[in-house]
Structures are given as C-alpha cells and as structure tokens.
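Just so we're on the same page: letters track the sequence lines, and every chain starts at 1.
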Number of protein chains: 2
Amino acid sequence: MQLRMTNQREIILRELKKSRQHLSADELYDKVKKYMPRISLATVYRNLEILSEAGFIGKLEISGRQKRFDYDVTEHDHVYCAVCHRVDNLNIERQGLHTREIKSVKGYSVTGYRLEIVGICPACQKKAKQEKKK
Amino acid sequence: MQLRMTNQREIILRELKKSRQHLSADELYDKVKKYMPRISLATVYRNLEILSEAGFIGKLEISGRQKRFDYDVTEHDHVYCAVCHRVDNLNIERQGLHTREIKSVKGYSVTGYRLEIVGICPACQKKAKQEKKK
DNA sequence: TTAGTTTTAATAATCGTTATTATTTATGGA
DNA sequence: TCCATAAATAATAACGATTATTAAAACTAA
Ligand SMILES: [Mn+2]
Ligand SMILES: [Mn+2]
Ligand SMILES: [Zn+2]
Ligand SMILES: [Zn+2]
C-alpha cells in the first residue's frame, strides 16, 4: 500500500513544509496554485487526506473550525487564538499527562487525546490595546 | 440583559436536562418536536446558542464534528468515541493541569483549554469483537 | 501498444449551521 | 383596553467547508 508521489502531492507537501505554519486546505490551495495554476481545490483536499493518512503530514481538527494541516508529524499539542484562529505549537511533556488521564476513563479503550490551549495571540492583543485608546 | 424564557426555550432546556446526554441540535430537535411539533430546527439552533451564551447550558465543540450541548455547566472535560461519536464526561482535577500548561504558552494570554480523550466506547468495542468472529 | 488502474479537474452534492424575512407573540405605556 | 414597538418564531434560503461523482488524462505492467 505505497503512495504514488504525483506532482500534485509533491507540491502540496513541499508548500506545507515550506510554510512552517498550520495551513487550511484553501490557504494551501492558494500557495500551490502559484506553481500549478490548474489544480483543483478538491485535489488539494483529497491529497491532504491521503498524505495525512500515510503519515507524511498531520491533520489538526481544532474545535469548531476548519481543518488545518501540520508540517510536523511528531506528537505535540497546540495553542490557538480565539480572535484570528492562528495556531501555534506547544511543547509540553505528553507522557505524564497521558497516562494520568487514561485511568479515569473506565470502559473506553483510549487511543489518544487532544489538548487545545485557547487564548489571544500577541498580535491580537496588541490590536485590542490600540482599539481601546481610540 | 435578561433572557425571556419562551415556551420553545423552556422545552429545549427541559429536554436537554432530561436526557443527561451530550445532544446535537438535530437530536434535540427530534425530542422537542414530540411536545412542539411545529418548532423549526433553526429555532433550536438559535436558542441553543442563546441558552449557552446565557450560561444555562454548555456548548461542546468536539473536533471535526457536530456541536453538542451539555446539560452540565460545571467545568469538566470529555472523552469521545471515535467510532460512534458518543461523548461522555470525564472527572479529572483541572487545576494542576491548567496552571502547568499556561507557563509554556509565551506571548498568548490564555483564556482556557480543552482536553479531549479519544477512544472507543464499550459498546463499539463489543461490536468490533463480534465482527471479528464472523 | 494496449488494457487496466489511478489520479485528476471540474463540478455537483452534502452537511451542519447561520441569515433573511414575513408573521406572530409579548410588552409597556397612553 | 388599545396601540406602538420590540422580540421571537417558522419557514426557507444561503453559506462555508468538505466530500462525492464523473469523464478525461496520466500512469503502469504485460
Ligand atoms: Mn503543530
Ligand atoms: Mn459534559
Ligand atoms: Zn490572533
Ligand atoms: Zn462508540
């Protein structure tokens, strides 16, 4: 079950890694179009799904928002801005947390967890401060 | 800023509390229709939003899924089944976790966090086991 | 070369949710 | 009580994100 690395997939993957951001499908579509103007948005969606299934990229399902895709496949959590929806990485030790929580979930066979810190990013804080002294 | 408790709101609230589950808008719509057959789905959506805004109920935005509404407004986290999307409550001490994570989010002004344990619920485990010995 | 498989672009369809609008219902004085 | 106006509703259209369909194109293996 090996994955054929088509031109489309190559460029999608390259642009995501290049960005070093947590991009949504349509943001990535805009970037990819620069190199492949005839690509379809559905192709981007389909291949992002395939690439994440194959472990080349991560898929982030932030609550109540668009999916975002992650250039970094190592296990880590995220913080996101409630105002502009920017997503940033978080580096905390997962092990301790994981095993501690598992115990309290009786009946379920636990496969993982998702931790989202919610807040306001530096840029949006600054913007809010400037608003106030209008 | 007081909220008028209309018949619609009363019944929506009552049925959610009665269920003691984490219902989606359309699941709740089905229950409410039994008592108020002419109610509109949009009314259910609108009032769930209003009721959660006013603190009568909780709103759960599980990653990549339909919103669910919570009869229990006290702070707690959730576990959900990756197969059937059932959501259950989790009782873990929030304090320790919260303050520990905050430190690693430099720049952001943190307003909260969301922890989702993902797994397979007892019912779905059983079903999978029966599948295997087909 | 050719037949079969996979992928693609284009586009339609779906799903959950929110917006619009005309009508109904509640409220608070004259 | 009557009226003005404000709020809420039912019905339905519109929306944004995503997935499904399909006919054509590109690839693969014999
Ligand atoms: Mn990341
Ligand atoms: Mn709950
Ligand atoms: Zn921000
Ligand atoms: Zn289940």
Between D/dA7 atom C1' and B/N47 atom CG, what is the distance in whole Å?
12 Å

Using atom CZ of B/R38 as one end and atom P of D/dA11 as the other, report the distance to the nearest whole Å.
4 Å

Looking only at side-chain atoms of B/T43, point me to the closest of C/dA10, D/dT9, C/dT8.
D/dT9

Could you give the OH-to-C1' distance, from B/Y29 to D/dT9, as a whole number of Å?
13 Å

Classify the side-chain pair A/H78/A/D88 by whether it contains a donor and acceptor separated by less than 3.5 Å.
no

Can you measure B/I50 atom CD1 to D/dA7 atom P for me and round it to whole angstrom units?
12 Å

Hits for side-chain contact (heavy atoms from CB on, under 4.5 Å) against A/S19, two or more places apart or cross-chain, chain-then-number order -> A/L16, A/Q21, A/L23, A/K31

If the condition is side-chain hydrogen bond (donor to acceptor under 3.5 Å, both in side chains), which residues does A/R65 pass it with, not counting sequence neighbours?
A/H85

Who pairs with A/D26 by side-chain hydrogen bond (donor to acceptor under 3.5 Å, both in side chains), at least two apart in sequence or on another chain?
A/S24, A/Q66

Quick one: B/E10 CD to C/dA26 P, roughly how many Å, whole number?
13 Å

Whole-Å gap separating P (C/dT25) and CZ (B/R9):
16 Å

Any sub-3.5 Å donor-acceptor pair from B/R86's side-chain atoms to B/C81's backbone N or O?
no

At less than 4.0 Å, is any side-chain N or O atom of B/S40 found next to OP1 or OP2 of D/dT12? Yes or no.
no

Identify, with sequence neighbours excluded, every residue that meets salt bridge (Lys or Arg N to Asp or Glu O under 4.0 Å) alongside B/K17.
none

Atom-to-atom span, CD of B/E53 to C1' of D/dA8 - whole angstrom
17 Å

Give a yes/no answer on whether the side chain of B/Q8 brings an N or O atom under 4.0 Å of OP1 or OP2 in C/dT25.
no

Reading nucleotides 14-30 of chain D from 5' to 3' and marking B where a protein heavy atom lies under 4.0 Å of the base, S where only the sugar-phosphate is that close, and - otherwise, the string is ---SBBB-------S--

Rounded to the nearest angstrom, tell me the gap between atom CE in A/M36 and atom P in C/dA10.
12 Å

Who passes side-chain hydrogen bond (donor to acceptor under 3.5 Å, both in side chains) against B/K18, sequence neighbours left out?
B/E15, B/Y35

